[in-house]
Amino acid sequence: RPLLVDMLKVLTTTDAKGHLQRVILQAIMGFGKSKGIGPISAQSKADGSDLCMMVLADALFETNLSDLQKTQRDLFNKNVRALRFSRHQAHDLAYLRTLRTMLEEAIPYREVIATRPRDLLCLKLSHWELRKAASLLPSGKEQEALLASAEELRAILSLIRQTGRATFD
């Protein structure tokens, strides 16, 4: 598949400073995006200094996650970790710290984080909601707990914003 090879060359080409180019490519269904191009592109972004993310469609998340995990394990001997986040579940400070640690550890281990657009949106909305809820409470332990969780979410969002390099499938 010469077109597949050409796409991979474009996706893995770096500039003079060694940074990957920002590229948008489109291909028809069945071209090999999810099982070939996506995993290779994602792994090229997992350079040990950036948070490599594969953003998968909601409808195919579990299927594509399973395929991605198999491909990354078989081709690169690397793990894929799933970032799932919902505003409808309670997330205490310990959970949020574990989530941030997972993201931070993925960087030096050159692992891919698989997520969905809605998970990223829920992280941001939860941060806003926690800050708003805390502002409505009088000073005290409950407000401090909400502010601590909001701060942890802010740190997670900052990590994604500053070091995240995403491949969208």
Side-chain angles (χ1 to χ4, degrees), residues 1-86 91 94-127 151-169:
R1 290 188 176 186
L3 284 175
L4 190 66
V5 172
D6 290 344
M7 280 186 132
L8 287 171
K9 285 179 184 175
V10 169
L11 289 169
T12 58
T13 299
T14 57
D15 62 17
K17 294 181 181 180
H19 298 116
L20 290 168
Q21 305 288 332
R22 292 179 185 223
V23 179
I24 297 174
L25 297 174
Q26 184 175 338
I28 62 170
M29 199 165 151
F31 189 78
K33 299 178 300 290
S34 297
K35 291 190 179 182
I37 294 173
I40 293 170
S41 174
Q43 194 58 47
S44 71
K45 294 175 183 176
D47 61 2
S49 62
D50 292 328
L51 177 63
C52 173
M53 302 183 78
M54 187 79 173
V55 182
L56 306 172
D58 287 339
L60 298 171
F61 183 74
E62 295 303 328
T63 300
N64 287 352
L65 173 61
S66 178
D67 289 344
L68 181 62
Q69 288 171 327
K70 182 179 181 347
T71 302
Q72 292 298 101
R73 185 177 51 251
D74 293 351
L75 293 180
F76 306 111
N77 196 30
K78 296 291 181 184
N79 290 326
V80 174
R81 300 181 190 208
L83 184 150
R84 295 178 181 95
F85 195 86
S86 171
H91 300 293
Y95 172 81
L96 296 173
R97 285 183 176 152
T98 300
L99 181 59
R100 181 164 57 125
T101 299
M102 177 188 79
L103 297 175
E104 290 171 340
E105 289 176 350
I107 296 171
Y109 289 114
R110 299 173 183 230
E111 295 175 333
V112 175
I113 301 294
T115 192
R116 301 167 289 196
R118 74 175 182 198
D119 297 309
L120 299 172
L121 180 59
C122 285
L123 283 168
K124 192 167 194 167
L125 292 174
S126 292
H127 175 249
E151 178 57 26
E152 197 62 36
L153 277 169
R154 188 208 57 76
I156 291 167
L157 291 165
S158 179
L159 178 67
I160 292 169
R161 190 172 28 260
Q162 292 174 6
T163 66
R165 302 296 172 258
T167 297
F168 291 79
D169 185 9

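- Minimum interatomic distance between V80 and Q72 (heavy atoms only, all atoms of both residues): CG2-CG, 3.3 Å.
- With sequence neighbours left out, F168 forms a ring pair (Phe, Tyr, Trp, His ring centres under 6.0 Å) with no residue at all.
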#### Entry: Test side-chain contact (heavy atoms from CB on, under 4.5 Å) applied to L99 and L123, step by step
CA-CA 11 Å; L99 181 59; L123 283 168; 4.1 Å; yes

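- In this structure, the separation between CG on N64 and CD on Q69 is 11.0 Å, given to the nearest 0.5 Å.
- L120 contributes atom CG, which lies 11.0 Å from atom CG of L125 (distance to the nearest 0.5 angstrom).
- Closest approach of R116 and R118 over heavy atoms only: NH1-NH2, 2.5 Å.
- Side-chain N/O atoms of T101 and E105 include no donor and acceptor closer than 3.5 Å.
- Considering all non-hydrogen atoms of both residues, V55 and A166 come closest at CG2-CB, 4.1 Å.
- Put simply, CE on M54 and CG on L68 are 5.5 Å apart, with the number rounded to the nearest 0.5 Å.
- One finds the CD1 atom of I160 at 7.5 Å from the OG1 atom of T115 (value rounded to the nearest 0.5 Å).
- Using a 4.5 Å heavy-atom cutoff, the side chains of V112 and K78 are not in contact.
- A donor-acceptor contact shorter than 3.5 Å links the side chain of S126 to the backbone of C122.
- Side-chain atoms of H91 come within 3.5 Å of backbone atoms of S86 as a donor-acceptor pair (strictly under, hydrogens ignored).
- Atom OH of Y95 has more than 12 heavy atoms from other residues, nucleotides or ligands within 6.0 Å.
- A donor-acceptor distance shorter than 3.5 angstrom exists from the side chain of R110 to the backbone of D47, with no hydrogens or angles considered.
- Distance check: L96 CG to R154 CZ gives 13.0 Å after rounding to the nearest 0.5 Å.
- Atom CG of D74 is surrounded by more than 12 heavy atoms from other residues, nucleotides or ligands within 6.0 Å.
- Side-chain atoms of S66 never come within 3.5 Å of backbone atoms of E62 as a donor-acceptor pair (strictly under, hydrogens ignored).
- In plain terms, the two heavy atoms of T163 and I107 that are nearest each other are OG1-CD1, 3.9 Å.
- A pairwise comparison of heavy atoms in R100 and I156 identifies CB-CG1, 3.7 Å as the closest pair.
- Closest approach of A82 to L65, counting heavy atoms only: CB-CD2, 3.9 Å.
- Looking only at distances, a side-chain donor or acceptor of D119 sits under 3.5 Å from a matching main-chain atom of F85.
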